[in-house]
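Remarks on the structure that follows.
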Number of protein chains: 2
Amino acid sequence: MAYKSSASLATSVENDRSEWLDRIHKGHCVARMEALPENSVDVIFADPPYNLQLAGDLTRPDQSKVDAVDDAWDQFESFQAYDAFTRAWLLAARRVLKPNGTIWVIGSYHNIFRVGAAMQDLGFWILNDVVWRKTNPMPNFRGRRFQNAHETMIWASRDQNAKAYTFNYDSMKAANDDIQMRSDWLFPICSGGERLKDADGRKAHPTQKPEALLARVLLSSTKPGDVVLDPFFGTGTTGAVAKRLGRHYVGIEREDEYIEVAEARIAAVEPLEAHSVRAAVSKRAERRVPFVSLVEAGLVQPGAELTDSQRRWTARVRADGTIAIGDDAASIHRIGARVQGLDTCNGWTFWHVRTGEALTSIDDLRRTIRDSLGAVEA
Amino acid sequence: MAYKSSASLATSVENDRSEWLDRIHKGHCVARMEALPENSVDVIFADPPYNLQLAGDLTRPDQSKVDAVDDAWDQFESFQAYDAFTRAWLLAARRVLKPNGTIWVIGSYHNIFRVGAAMQDLGFWILNDVVWRKTNPMPNFRGRRFQNAHETMIWASRDQNAKAYTFNYDSMKAANDDIQMRSDWLFPICSGGERLKDADGRKAHPTQKPEALLARVLLSSTKPGDVVLDPFFGTGTTGAVAKRLGRHYVGIEREDEYIEVAEARIAAVEPLEAHSVRAAVSKRAERRVPFVSLVEAGLVQPGAELTDSQRRWTARVRADGTIAIGDDAASIHRIGARVQGLDTCNGWTFWHVRTGEALTSIDDLRRTIRDSLGAVEA
DNA sequence: ATACTAATTGAATCACCTC
DNA sequence: CGAGGTGATTCAATTAGTA
């Protein structure tokens with residue numbers, strides 16, 4: 001154990017938890033983690049650079065420029081350089097983790113596959129991958145891909161054989177209307193009053209995470225009094241939520257600017273009373289069911305005819321969930337509007353399918369789907 | 001091209017698509033893909049095995065077998081073997097893919113991170129990761145983890161610079177009630193009548209995917225008549241959906257048992273009519289109509305005034321199809337950009353003509369021209 | 001103050017054709 | 001093959017501005 005035989009500072013931090021607990025440590029994550037005592041941390045939450053590799057500028061349809069994450073800390077020369085960085089901090093993280101500790105790492109498709117593979121290579125044992133579905137993600141402005149509407153978190157134990165890690169199954173289930181908590185979570189992105197701003201009103205950090213996300217992470221996998229380490233502390237969301245929930249935090253951050261914001265933020269946090277440290281689960285969103293789901297579910301066949309309640313117009317259903325009159329194909333709403341010469345139309349109530357002599361509104365068919373979805377957040 | 005100089009079978013399959021198209025090829029996926037002509041496939045859908053204990057599927061680079069064992073070192077060994085297997089089939093897949101082709105790979109947290117990292121290492125360029133959220137996933141019986149309620153698909157182009165891959169943005173958006181399709185999709189798992197059973201009533205394949213999932217994959221990223229390859233064909237979901245949607249399929253499968261089921265299944269599929277399976281037309285694909293055509297058609301008179309929707313600026317139409325403010329004449333786009341102080345502007349949507357008190361966008365006039373052209377051509 | 005409308009913004013790997 | 005012109009493209013929330 002390199003640590004025990006090293007400098008007096010290291011010995012002192014090991015002997016006196018107050019010297020390194022509930023504090024932000026300035027410096028590089030690897031060096032600072034190496035200075036912490038091994039087997040000392042219950043949970044790690046890590047939000048490492050995503051290595052976005054953005055090329056040119058991107059403008060919205062109104063020609064305004066998208067504020068890209070172009071900070072120096074997100075730039076790597078190559079995948080190899082990113083992998084080396086990833087392995088280095090994961091190794092240092094594993095050393096400070098208790099044998100029954102767990103680690104969360106969040107990322108996007110740009111980096112999460114490399115991170116996940118490195119975690120497996122280093123001996124971490126993946127317990128779940130958890131998808132953060134954003135209620136309000138940024139659109140895809142050029143229409144060249146699917147809207148990138150989620151990020152991925154990997155939750156892993158230190159070792160394959162660690163069986164005594166903390167998972168508060170019952171509180172997760174209770175918080176989720178007595179249905180076990182799924183691996184896909186729905187939260188808004190961090191904005192509004194929660195989003196930290198600098199003196200000029202600009203966002204203090206480009207990638208601040210919502211507190212609700214961190215709260216569910218900590219409520220699911222830590223106990224009150226546990227030690228939570230965040231090696232990419234930023235503006236301190238992990239620390240703020242940990243303090244509020246009665247957990248200890250350890251933050252590591254390189255940028256003075258972020259540290260300053262985080263210190264003030266955490267100082268203002270009032271810990272909840274012990275008995276009220278419970279899950280705050282967002283209310284279930286209303287289920288939106290797109291028309292294509294009716295086709296996919298077989299409730300409406302491709303090629304079937306839709307008609308309005310007066311049987312004045314008919315349109316034909318296509319496999320991709322559009323409907324067509326002749327070669328004019330678009331959504332149920334657009335076609336409904338077009339035949340009536342209107343700007344808008346609620347296709348759900350306008351269009352019907354024939355069932356024998358009678359007509360059934362496709363809105364009624366949608367109800368069938370909604371009922372079958374049951375507890376799943378749409 | 002190694003292929004062209006190889007055996008006569010290979011030459012014949014290259015020369016005659018009917019010898020390898022809409023067929024199931026029995027054998028190992030790598031060997032069978034190597035026997036297909038390069039640059040011949042539009043889209044690949046791959047559902048590779050991810051049971052790390054499946055020794056039979058895993059071979060070292062030298063093709064020697066790996067013993068599946070479960071202590072830590074051998075776990076590492078089997079990761080190595082799994083990576084070698086993954087790289088081998090991905091390389092073979094990349095060779096048969098057209099330059100603007102795309103590939104879908106589905107997996108769970110057991111394997112998807114290794115697969116994704118390998119794809120990036122081999123030069124594939126990730127376009128999206130798409131989450132399949134299951135409406136009815138298997139519960140976590142021991143209550144030691146979150147319910148594993150999703151799987152992950154990676155969608156990638158063959159090369160970083162491939163910009164002309166197929167993505168039916170407008171189809172996806174129209175099918176989703178005119179909101180762009182997100183990266184998280186909600187579908188039930190494959191069960192009930194869709195789930196194929198053997199003579200004893202047991203499921204014919206352990207990981208049969210729902211047809212609705214494949215339908216959205218193919219409707220989003222292929223055109224009618226495209227060639228879809230599935231190197232882990234199983235019971236042929238990809239083939240059945242491809243045939244139904246008017247796409248060609250190529251299946252590769254090792255097990256006779258699965259091939260038999262798949263053949264019968266696909267034979268029973270009735271293709272939808274052509275008009276039901278076309279993608280919604282995108283504006284990008286529409287015939288280009290230059291502004292001067294509106295002048296030539298008499299829809300806009302030389303000397304007429306154009307104005308923006310707020311009536312802030314006006315420009316005068318000239319007989320040559322340019323527009324002018326004072327002596328400053330240029331295209332509808334250049335002048336639109338100039339008055340707004342922007343780099344670019346879509347003059348079609350920016351400029352309007354006065355019709356009495358109201359304004360009509362010149363884009364609407366263009367539609368008139370396009371409609372009349374369509375009548376001539378169609 | 002209140003209600004409505006307009007503007008802003010968020011981890012983004014975001015054209016294509018012709019000359 | 002590179003330069004330059006044409007022209008396609010956004011969802012949910014918050015915040016600012018206006019009546």
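Scope of the values below: all heavy atoms of this structure, side chains included, with no hydrogens, waters or symmetry mates.
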**Study point:** Integer angstrom distance from the P of C:dA12 to that of D:dA8
**Key:** 26 Å
**Study point:** Comparing A:Asp47 and A:Arg142 on DNA chain C - which has the more 5′ nearest nucleotide
**Key:** A:Asp47
Review point. Across the strands shown, which category fits A:Asp67 at heavy-atom distances under 4.0 angstrom: base, sugar-phosphate, nothing?
Key: sugar-phosphate
Review point. If you check every side-chain atom of B:Asp170, which of D:dA13, D:dT9, C:dT9 has the closest atom?
Key: D:dT9
Exercise for review: Remember a base hit wins even if backbone is also touched, and classify A:Cys190 as base, sugar-phosphate or nothing at under 4.0 Å, heavy atoms.
Suggested key: nothing
Practice item. Using only heavy-atom distances, decide whether a donor-acceptor pair under 3.5 angstrom links the side-chain of B:Arg334 to the base of D:dG4. Key: no
Point to revise | Centroid separation B:Phe167 to B:Trp155 less than 6.0 Å | key: yes
Practice item. Identify whether any heavy atom of B:Thr349 sits under 4.0 Å from a base atom; if not, whether one sits that close to sugar-phosphate; answer base, sugar-phosphate or nothing. Key: nothing
Exercise for review: Assign A:Thr207 to base, sugar-phosphate, or nothing according to its heavy-atom contacts below 4.0 angstrom with the strands shown.
Suggested key: base
Practice item. Scan B:Arg288 against the nucleic acid and name what it touches under 4.0 Å (heavy atoms): base, sugar-phosphate only, or nothing. Key: sugar-phosphate
Review point. So what does B:Ile179 hit on the nucleic acid, given a heavy-atom distance under 4.0 Å: a base, only sugar-phosphate, or nothing?
Key: sugar-phosphate
Practice item. Have a look at A:Lys197 and say if it touches a base, only the backbone sugar-phosphate, or nothing, with a 4.0 Å heavy-atom cut-off. Key: nothing
Check your understanding: Are the aromatic rings of A:Phe232 and A:Phe45 close, with centres under 6.0 Å apart?
Key -> no
Exercise for review: Check every atom of D:dG7, C:dA11, D:dT10 against the side chain of B:Thr344 and return the nucleotide holding the closest atom.
Suggested key: D:dG7
**Study point:** Distance, P atom - from D:dT15 to C:dA11, rounded to whole angstrom
**Key:** 15 Å
Review point. Base, sugar-phosphate, or nothing: which does A:Asn148 touch, judged by heavy atoms less than 4.0 Å apart?
Key: sugar-phosphate
Check your understanding: In terms of the angle between their ring planes, are B:Phe187 and B:Trp185 parallel, tilted or perpendicular, with boundaries placed at 30° and 60°?
Key -> perpendicular
Exercise for review: Take atom P in C:dG10 and the same atom in D:dT9, then report the distance between them in whole Å.
Suggested key: 25 Å
Check your understanding: Under 4.0 angstrom, heavy atoms only, what part of the nucleic acid is B:Gln160 near: base, sugar-phosphate, or nothing?
Key -> nothing
Check your understanding: For A:Pro137, which contact category applies under a 4.0 Å heavy-atom criterion: base, sugar-phosphate, or nothing?
Key -> base
Review point. Looking across every strand, which nucleic acid part, if any, lies under 4.0 Å from A:Ala55 by heavy atom: base, sugar-phosphate, or nothing?
Key: nothing
**Study point:** P atoms of D:dT6 and C:dC14, separation to the nearest Å
**Key:** 25 Å
Exercise for review: Check every strand shown and say whether B:Ile126 touches a base, only sugar-phosphate, or nothing at a heavy-atom separation below 4.0 Å.
Suggested key: base
Practice item. Nearest-nucleotide wise, let me know which of B:Leu127 and A:Arg144 is further upstream toward the 5' end of DNA chain C. Key: B:Leu127
Revision key, fill the gap. Taking D:dT9, D:dT14, D:dC11 as options, the one with an atom nearest any side-chain atom of B:Lys283 is D:dT9
Practice item. May I ask you to say what A:Gly56 touches in the nucleic acid, namely base, sugar-phosphate or nothing, with a heavy-atom cut-off under 4.0 Å? Key: base
**Study point:** For the student: nearest non-hydrogen atoms of A:Glu253 and A:Gly234, plus distance
**Key:** OE1-N, 2.7 Å
Point to revise | Distance-only side-chain donor-acceptor flag, B:Asp320 / B:Thr322, under 3.5 Å | key: yes
Check your understanding: Is there a donor in the side chain of A:Ser183 and an acceptor in the side chain of B:His150, or the other way round, less than 3.5 Å apart?
Key -> yes
Review point. Taking the side chain of A:Ala68 as its heavy atoms from C-beta onward, which of C:dA12, D:dC11, D:dT9 lies nearest to it?
Key: C:dA12
Review point. A:Pro210 near the nucleic acid: base, sugar-phosphate alone, or nothing, with a heavy-atom cut-off under 4.0 Å?
Key: nothing
